[in-house]
Amino acid sequence: MWLCIKVCPTNVFDRTETGLPLIARQEDCQTCFICEVYCPVDALYVSPYADIKQQVTEQELVSVGIIGSWREIIGWGRGRTRLAEIDETPFIDRILPPQGTISS
Amino acid sequence: MNLHKQDSTLQLETDVLVIGGGPAGTWAALTAAAKGSKVVLADKGYCGSSGATAPSGTGVWYVEPEVKQRQEAKLSRYFMGGRLAENDWMDRVLDQTYENMNRLAGWGYSFPIDPEGNVFRQGLQGPEYMRLMRKLVKRAGVKILDHSPALELLADEHGVGGAAGVSTQGGDPWRVTAGAVVIATGGCAFLSKALGCNVLTGDGYLMAAEAGAEMSGMEFSNAYAISPTFSSVTKTAYYRYASFYYEDGSVVEGAGSTKGRSVIAKKLLENRQVYARLDQAPADLQPLLRVGQTNFFLPFDRMGINPFTDMFPVTLRLEGTVRGTGGIHIVDDTCATKVPGLYAAGDAATRELICGGFTGGGSHNAAWAMSSGSFAGEGAAAYAKSLGQHAARREVHGLSSAPIVSSRTYGSTLQKPPIAAEEYIRAVQEEVMPYDRNLFRSDEGLRDSLYRLDRVWKSIRHEPIHLDYQAVKRREAAAMTVTARWMYRSAQARTETRGMHKRIDYPDVDETQRYRLITSGLDDISVRAQRVSEEAVSL
């Protein structure tokens, strides 16, 4: 089964008769970027806009190198280093400006 | 009609049923399986990608078992939480979290090692963590039902004994009878599109309450995250590096990510757009920030915005009880509810025990999820075992407050509901999203909202629900409606300002109200006070 159909938490995709995935319920998309990071062939693009539809073409996304970029950043896919292995952000937590008291 | 009468129903018998497949649910499933229980895990989406953790990076409250460090850790949010956390619970969660994180390392999670050879275990990358948890759960022999939201719990006179739901991929009903059930369905963010939160609609609260469970701390339910106006990415921690501006570049006095979030809300209420720029982040830290929360930068990169040098418009997105602390009331160390056979874990359970009335993102939340999941998994396994052979012979029935009817039996003869689920949802959102209702609360505002929310509930609670994928939206609408009513009833009862709960008509802490508020009931909601364990957290 196609991974995007499987992993989408809000069930945005349907499988068509040809077996290919279709974005069937875009209004249920919560722009969580999960489908994009799981897609092994970099065929998906999640818009930075949560509430409005963005018009894009595959060509322009490919030309600016956005397609598949998050998968590459977190190091999923063959021959890549997983980000988890180099993430030392707890260090940052210690030098973040102190968290104030709760908002008033 | 009963769900199990349909021919195509998937029917399973198990010792422990876990509802929800995020961190809490997967830890519960793993723990119960390790105790020898047969386990089924049903997730509304996909176990491994569902919920608030999977698409994020998260800090974890991982503290070495050393007296001084532990003491500081416990005190770090104790006063922010209005002194409602409990020392014993913080100790237990710190111990369990330490153990679980070390286990994760043994199971193959790649924690980073710095050049001096120190291992960092204070953080987890969401996609990586949850993908591993799914793998571990499967390896433990747990049967996973993906895209299988539970619609109602099943019970007999002795207690809860399973759940029934529907597959959103294929539409077939499912029914699992079990010796014990763990609710790990997350909190409720009211479909605000806060990152990964749209599967978190309070379903577990509703189902638990229908079984007779109570809620606790539902007044601590007004968490709002800072996010770019256009985006779902609600990662507030980095805004500690932000300065806030008006459109003309002048500074918004007093605005900030922690203490000054109210200032931002007030400006937005006045229809003045607020902009942020992370210009307080030192240049040498910026690459590290990119590693810690990679998805924080996704929307910016996609729009050609450099958040360290460019101003961008911000808003406050409701996170409700996901990063509030209220949830199902826990009655003992095993995360049992007051209903026999029913357990709660993670955001679905009250997090007041370790956070009191305030929590940030990550850290305590991640620790609570994995610890309470472990406690509940162990408790549920022991309970199921204690039932012995009796469990399989139980005649359990559905508990939904609105009748769930088979669409196959009634077919087209069942009338389409007069009011669409989306309309109910919008009505609830109009009461819980506005800052001048939920963030800044007043008796008058709460009373107005409750009047309207009670009407929504009266309408929705009697409408029969078709057993198809639409059933999920209708149950979500009902869950959000009743959650909002519990929130505002307890907010009305707490006539003070404590933790994240802010009353503009009672702006100060009232020391006589240092107690928990327990909410119960669906049609008639009652609120009672319960004392907090007096054992002090020492300074």
Side-chain angles (χ1 to χ4, degrees), chain A residues 1 3 5-11 13-15 25 27-38 45-52 54 56 61 64-66 69-71 73-76 81-104, chain B residues 44-46 48-51 54-55 57 59 79-80 109-112 114 120-125 127-129 146-147 168-169 193 195-199 228 230-232 237 240-241 256 258-262 280 285 288-289 291-295 298-303 358 360 499-500 502:
Chain A
M1 196 207 232
L3 277 173
I5 303 175
K6 205 161 114 173
V7 302
C8 173
T10 55
N11 202 32
F13 302 91
D14 271 347
R15 183 168 27 184
R25 287 167 295 276
E27 67 281 5
D28 288 340
C29 173
Q30 56 173 349
T31 62
C32 69
F33 302 96
I34 283 285
C35 57
E36 201 184 298
V37 80
Y38 269 86
Y45 166 75
V46 178
S47 164
Y49 295 97
D51 304 305
I52 55 169
Q54 184 191 16
V56 289
L61 294 173
V64 292
I66 281 178
S69 57
W70 194 38
R71 185 172 164 87
I73 290 169
I74 74 160
W76 281 17
T81 304
R82 289 195 201 168
L83 190 76
E85 296 172 38
I86 52 169
D87 169 19
E88 294 175 17
T89 43
F91 160 68
I92 286 170
D93 217 33
R94 286 203 293 276
I95 58 166
L96 270 176
Q99 194 162 359
T101 49
I102 53 148
S103 5
S104 54
Chain B
K44 184 183 195 175
Y46 177 79
S49 70
S50 274
F79 290 98
M80 283 195 282
Y109 186 89
S110 308
F111 287 104
D114 75 3
F120 287 92
R121 289 193 182 149
Q122 287 95 336
L124 290 164
Q125 294 280 348
E128 206 73 65
Y129 172 34
D146 291 309
H147 299 287
T168 52
Q169 293 190 344
K193 290 193 178 169
L195 193 64
C197 289
N198 267 24
V199 291
F230 46 83
S231 163
S232 63
R240 278 188 256 169
Y241 287 119
T258 51
K259 202 171 163 57
R261 222 177 284 188
S262 294
Q280 296 178 45
L285 269 186
L288 287 173
L289 291 168
V291 172
Q293 305 269 355
T294 54
N295 54 2
L298 284 181
F300 297 119
D301 291 348
R302 274 159 205 218
M303 295 179 70
F358 175 84
M500 69 173 59
K502 273 187 267 301

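Per chain, numbering begins at 1; letters A, B, ... match sequence-line order.
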(message) Side chains of B:Pro127 and A:Trp70, heavy atoms from C-beta outward: is any pair under 4.5 Å?
(response) yes
(message) To check you understand the geometry: which heavy-atom pair defines the closest contact between A:Cys32 and B:Leu195, and what is its length?
(response) CA-CD1, 3.9 Å
(message) Treating B:Ser49 as the side-chain partner and A:Val7 as the backbone partner, does any N or O pair qualify as donor plus acceptor under 3.5 Å?
(response) yes
(message) Please check: side-chain N/O of B:Lys193 versus main-chain N/O of A:Gln30, any donor-acceptor pairing under 3.5 Å?
(response) no
(request) Might you point out which heavy atoms bring A:Phe33 and B:Ser232 nearest each other, and give the distance in Å? (result) CE1-OG, 4.5 Å
(message) Under 4.5 Å from any heavy atom of chain B, what part of A:Tyr49 do you find: side chain, backbone, both or neither?
(response) both
(message) Treating B:Asn198 as the side-chain partner and A:Asp28 as the backbone partner, does any N or O pair qualify as donor plus acceptor under 3.5 Å?
(response) no
(request) Identify which of A:Thr10, A:Asp51, A:Asp14 forms the greatest number of heavy-atom pairs closer than 4.5 Å to chain B. (result) A:Asp51
(request) Output yes when a side-chain donor or acceptor of B:His147 lies under 3.5 Å from a complementary backbone atom of A:Asn11, and no otherwise. (result) no
(message) Working to the nearest 0.5 angstrom, can you tell me the gap between B:Met303 CE and A:Gln54 CD?
(response) 7.5 Å
(request) To the nearest 0.5 angstrom, please state how far the CG atom of B:Leu298 sits from the CD atom of A:Glu36. (result) 7.0 Å
(request) State whether the side chain of A:Arg82 and the backbone N or O of B:Glu128 hold a donor-acceptor pair below 3.5 Å, judged by distance alone. (result) no
(message) For A:Ile66, which atoms come within 4.5 Å of any heavy atom of chain B: side chain, backbone, both, or neither?
(response) both
(request) Flag the one option from B:Pro55, B:Gly57, B:Gly45, B:Cys197 with the top tally of heavy-atom pairs under 4.5 Å to chain A. (result) B:Pro55
(request) Sort A:Cys35 into side chain, backbone, both or neither according to what part of it lies under 4.5 angstrom from a heavy atom of chain B. (result) neither
